[in-house]
Structures are given as structure tokens and as C-alpha cells.
Amino acid sequence: LPLIEGLENTKATAKTIGEQVLKARDTEVQINDSRELYRPVAAEGSVLFFLIIQLCFVEFMYQYSLDAFVSFLYKAIDRTEATADLDERVKRLITTIRMTIFRWVNRGLFESH
């Protein structure tokens, strides 16, 4: 009977979807846990960006775009030495990001005001 076959197919599909929903929840928890481990790096990047955009109060020409900042941030992430220890990785990322942004901003500073 087509009706019974249709119901069985629907039941099998519902079971598959239920399993995928459970797997998606587990994956979401893992992603959230990983994201929290890198939060200090995100906080450092945020603080650095908001510090350098304040430089326009010192001199009008010191204006930095978010796009430029993000490109230097990605360069710093790519340059950071990999390590298996996550705490060490976070420390290295923060240090490399600080130095990369410092060099970028320092390059554009005037000698005197």
C-alpha cells in the first residue's frame, strides 16, 4: 500500500532528522567551547582597534580603517607559530598581533606634531 510506504518513509526521515539535530547540538557545544578559549585574542584585537582609532584626536591624519586593521590582524594570525598547547597559542597570538599592529601604526606616525 502506498499510504503505509509513505508513512514508513516519513518515519525514517523523521528519525534521520532527529539524529542530525542531536549531532548538530553536540557540534554547537564544541564550537562554543572552542570560541571561548580564543576570547582573550578577540578582546586584545578589539582593544587595539579602538585604541588606534582614537589617534585621530592627536592628529587628524591618523585615521585607520577596519578593513586595513583586519588585514593586518589576519597577517599576524598567519605569522604566529603553531603549537599544540592552546594557552601558549593564545599567548603567541596576542604577542604577534600586538607587534604587527604596533609596527603598522608606528610606520605611519609623524616625527612631530
Residue pairs passing the side chain to side chain donor-acceptor pair (under 3.5 Å) test where at least one lies in residues 2-12, sequence neighbours excluded: none
Shared-cluster residues of Met99, by chain and number - hydrophobic side chains joined below 4.5 Å: Phe102
Within residues 15-26 or reaching into it, pairs that qualify as side chain to side chain donor-acceptor pair (under 3.5 Å) - sequence neighbours excluded: none
Within one Ile-Leu-Val-Met-Phe-Trp-Tyr cluster: Val47 and Phe50, side-chain cutoff 4.5 Å: no
Within-4.5 Å side-chain heavy-atom neighbours: Val70 and Phe49: no
Cluster overlap Leu66 with Val41, hydrophobic side-chain contacts below 4.5 Å: yes
Beyond-backbone contact of Phe69 with Ile53, side-chain heavy atoms, under 4.5 angstrom: no
N/O donor-acceptor pair under 3.5 Å between Ser71 side chain and Ala68 backbone: yes
Distance, nearest 0.5 Å, that separates CG of Leu73 from CG of Leu48: 8.5 Å
Mutual orientation of the aromatic rings belonging to Tyr64 and Trp104 [parallel < 30°, tilted 30-60°, perpendicular > 60°]: perpendicular
Note, Glu81 side chain near Thr96 side chain (heavy atom, < 4.5 Å): no
Intermediate values then yes/no, side chain to side chain contact (heavy atoms under 4.5 Å, CB included), Leu37 and Val90: CA-CA 8 Å; Leu37 296 173; Val90 167; 5.8 Å; no
